[in-house]
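For reference, the structure discussed in these notes is given below.
Every chain is numbered from 1 and lettered A, B, ... according to where its sequence line falls, protein lines coming before strand lines.
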Amino acid sequence: MLHTRRTFLVPLPPRQARMTVVTRFAPTPTRFLHIGGARTALFNWLYARHTGGQFLLRIEDTDRKRSTEEAKAAIIDGLEWLGIDWDGDIVYQSERADRHAEVAHAMLEAGNAYHCWCTPEVLQTMRETAKADGRQPRYDGTWRDRDPSEAPDGVDPVVRLRAPREGETVIDDAVQGKVVTANTQLDDMILLRADGTPTYMLSVVVDDHDMGITHIIRGDDHLTNAARQAQIYRAMGWDVPTFAHIPLIHGADGAKLSKRHGALGVDAYRDMGYLPEAIRNYLLRLGWSHGDDEIISTEQAIEWFDLGDVNKGAARFDFAKLDNLNAQYIKTAEAGRLLGLIAPLIEADTGVTPSAAARKRLAAGLDGLRSRSKTILELAENAKIYSSDRPLEFEEKAAVLLDPDARGRLAALRTALEDHDDWTEEALETAVKGHAETQDLKLGLIAQPLRAVLTGRTASPGIFEVMAVLGKDETLGRLADAA
RNA sequence: GACCCCAUCGUCUAGUCCGGUCCAGGACGUCACCCUUUCAAGGUGAAAACACGGGUUCGAAUCCCGUUGGGGUCGCCA
């Protein structure tokens, strides 16, 4: 754990001189790593890797009673699961409160900040009357030029920034372009609370500066904050980093992704059976593109990613497209990994640890299963036709298929198969088709009941493949169970 | 409400900066057909968009203005 790394306090060379890009992801540990945060982290990470720079992680746990250890762990877990690694030690904002205060005091001394004795109650009424009068609900600068000797007794003052009252603050955003804010829109924000603790506005600026952040890539919802933060940088005579406000992700209904609907943690996506590379690819394409490319490896993403290609408008989250991407990654994922992923799911579902024979079948049948699965959950579900030991459970529709006639046909087939020894897919196909011909039956009349009896279902991989994967003993055994 | 941001198929987007090659391209989804013992996968094809209104220009998805719509921010939260 770190704690005020000295290096951060050493004055940094001017921006032009340190050509290395430094980005950061600065989540608040109040809940899990939600999908929007994941994308912000991804973009920061990608940009740092693309430029050969650094990607830092800062936990903004400036207490507030809401930060929890669980949330911190969940965020770190989420990042790790997504394959997003950070450079150096994690910076905990709460451990830097002294430095934040130090900066505020420096501003006080330089005259760029001042004490204000307005209580929250006074401020509250100030806002209310302003609103009632049709004015903006802002701090009116009561104590900006008032003599501190007039300070009321028994009130601890806050420290406010002496912000410029005229002119405008301009942000040259790498994504949004030039954003101009009239300084009259910005009031003198609080830097230090009455209890001496720093506010978010001060903390971010000080931390970003001390950490040498060159590019602040974050959600659009911070765009308005950028102007205010720029004022703090300027008051301290610091270089203002490059801002890049990326659009927010909206739910399928177009509304903001809120706690209420759809704002899930990345762990939820993992539990729904999505592969981290699919999530990464999907998130990457939400608001960013590289021509017509859709399937983009992480290596390519790092090579191609640039801020200039990030869109300005918000994008809606679409599970259908995520499913498609996930399916594509499942198709090419390494077999051992997939097997490892589904084993615990099958076990949890059936309460049985797959037997050695079952695992063998699973490995043999995996390729026929993956093209039929959009998620790991589906894969595990589909895999049960191989993992289950006899006797099988039958789906309603499969059971219906096994009427007396069908059972009779299967019994005949079983007898015919008993002497068959070449248990390869091709040979079995020839054998079963041959058998159907001698019985003068359409293949479907045999194949469908066969599928039902062998898998307990009406949909499965090719039936001859299933037979081959099952092996002779298991195939005949399952046949015997029902025929 | 004020301020700020945004606006191409249902969705993600290419094209917009440096107007003409765009009666707008790709992907997902949808539909049809092919393949096929089932379900997928795969293949082929189809329907599907420049929000609206004004300009500027020989010419605008591309530039300007307005309207509408959507979003964000207005805390001694982060």
Side-chain angles (χ1 to χ4, degrees), chain A residues 26-30 60-62 64-67 93 116 118-120 123-124 127 131 134-138 156-160 171 173 175-177 179-182 184-187 189-195 197-201 203-204 219-228 245 247-248 250 252 254-256 282 285-295 308 311-325 327 331 368-374 378 382 401 429 432-433 436 442-452 455 457-464:
Chain A
T28 311
T30 50
E60 305 216 320
D61 55 350
T62 308
R64 213 52 254 156
K65 259 310 178 257
R66 305 193 318 210
S67 304
Q93 191 162 67
C116 166
C118 288
T119 60
L123 260 17
Q124 175 72 17
R127 274 191 287 270
K131 261 188 177 172
R135 303 195 325 272
Q136 297 307 300
R138 275 187 265 279
D156 290 323
V158 299
V159 175
R160 284 182 184 272
I171 298 298
D173 195 280
V175 170
Q176 304 294 340
V179 180
V180 180
T181 308
T184 50
Q185 293 296 325
L186 277 11
D187 58 7
M189 74 194 107
I190 293 174
L191 267 16
L192 245 34
R193 300 187 185 96
D195 64 3
T197 58
T199 60
Y200 163 76
M201 284 294 176
S203 301
V204 240
D220 221 353
D221 50 341
H222 283 286
L223 187 53
T224 337
N225 288 338
R228 314 186 79 107
H245 289 93
L248 265 19
H250 287 172
K256 189 189 179 186
Y282 180 70
R285 284 287 289 101
L286 229 43
W288 178 88
S289 60
H290 182 269
D292 287 339
D293 294 301
E294 296 288 347
I295 301 289
N311 280 164
K312 296 174 164 189
R316 296 186 191 203
F317 194 92
D318 180 19
F319 272 102
K321 185 141 185 180
L322 208 213
D323 280 349
N324 177 272
L325 269 174
K331 258 181 243 168
L369 259 20
R370 51 209 308 173
S371 66
R372 272 160 260 259
S373 314
K374 288 184 187 305
E378 279 182 29
N382 294 338
L401 227 45
E429 176 164 1
V432 175
K433 280 184 173 168
K442 282 179 68 179
L443 183 58
L445 283 177
I446 287 193
Q448 277 309 93
L450 182 57
R451 182 187 320 285
T455 67
R457 305 181 182 182
T458 52
S460 80
I463 194 61
F464 307 115

With rounding to the closest Å, how many angstrom separate the [atom1] atoms on [N] and [M]?
N	M	atom1	answer
B:A48	B:U38	C1'	32 Å
B:C22	B:U16	P	13 Å
B:C28	B:U68	C1'	29 Å
B:G69	B:U13	P	23 Å
B:C6	B:A47	P	34 Å
B:G43	B:A61	C1'	33 Å

### Side-chain donor or acceptor of A:N311 paired with backbone N/O of A:G313 under 3.5 Å
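No, A:N311 side chain to A:G313 backbone: no donor-acceptor pair under 3.5 Å.
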
### Task
Remember a base hit wins even if backbone is also touched, and classify A:P27 as base, sugar-phosphate or nothing at under 4.0 Å, heavy atoms.
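The answer is nothing, as A:P27 stays clear of every strand by at least 4.0 Å.
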
Distances for protein N/O vs nucleotides 6-11 of chain B N/O pairs under 3.5 angstrom?
unit_1 : atom_1 : unit_2 : atom_2 : d
B:C6   : OP1    : A:K312 : NZ     : 3.0

### Task
Consider only side-chain N and O atoms of A:D220 and A:H245, and report whether a donor and an acceptor are under 3.5 Å apart.
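No donor-acceptor contact under 3.5 Å links the two side chains.
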
### Message
Ignoring hydrogens and geometry beyond distance, is a side-chain donor-acceptor pair present between A:T28 and A:E60 at under 3.5 Å?
### Response
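Absent: no donor and acceptor within the cut-off.
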
### Task
Just compare B:U73, B:A2, B:A78 and give me whichever is closest to any side-chain atom of A:Q185.
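Looking only at heavy atoms from C-beta outward on A:Q185, the closest nucleotide is B:A2.
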
### Query
Between B:G26, B:C74, B:A40, which one does the side chain of A:S371 approach most closely?
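Shortest atom-to-atom distance from the side chain points to B:A40.
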
Find every protein N or O atom lying less than 3.5 Å from an N or O atom of nucleotides 42-50 of chain B, and list the pairs.
unit_1 : atom_1 : unit_2 : atom_2 : d
B:G42  : OP1    : A:K331 : NZ     : 3.2

### Task
Output all residues satisfying side-chain contact (heavy atoms from CB on, under 4.5 Å) with A:I190, sequence neighbours left out; order by chain, then residue number.
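For A:I190, the residues satisfying side-chain contact (heavy atoms from CB on, under 4.5 Å) (neighbours in sequence not counted) are A:V158, A:R160, A:T199.
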
### Task
Could you state the atom-to-atom distance from CG of A:D220 to P of B:A78 in whole Å?
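Those two atoms, CG and P, are 21 Å apart.
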
## Note on the structure
With sugar-phosphate taken as primed atoms, P, OP1 and OP2 and all else as base, the protein-contact string of nucleotides 16-25 of chain B at under 4.0 Å (heavy atoms; B, S, -) is ---------B

### Partners meeting ring pair (Phe, Tyr, Trp, His ring centres under 6.0 Å) with A:F464 (sequence neighbours left out)
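If we apply the ring pair (Phe, Tyr, Trp, His ring centres under 6.0 Å) test to A:F464, skipping adjacent residues, there are no hits.
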
Write out a two-atom table: protein N or O, nucleotide N or O from nucleotides 62-69 of chain B, distance below 3.5 Å.
none

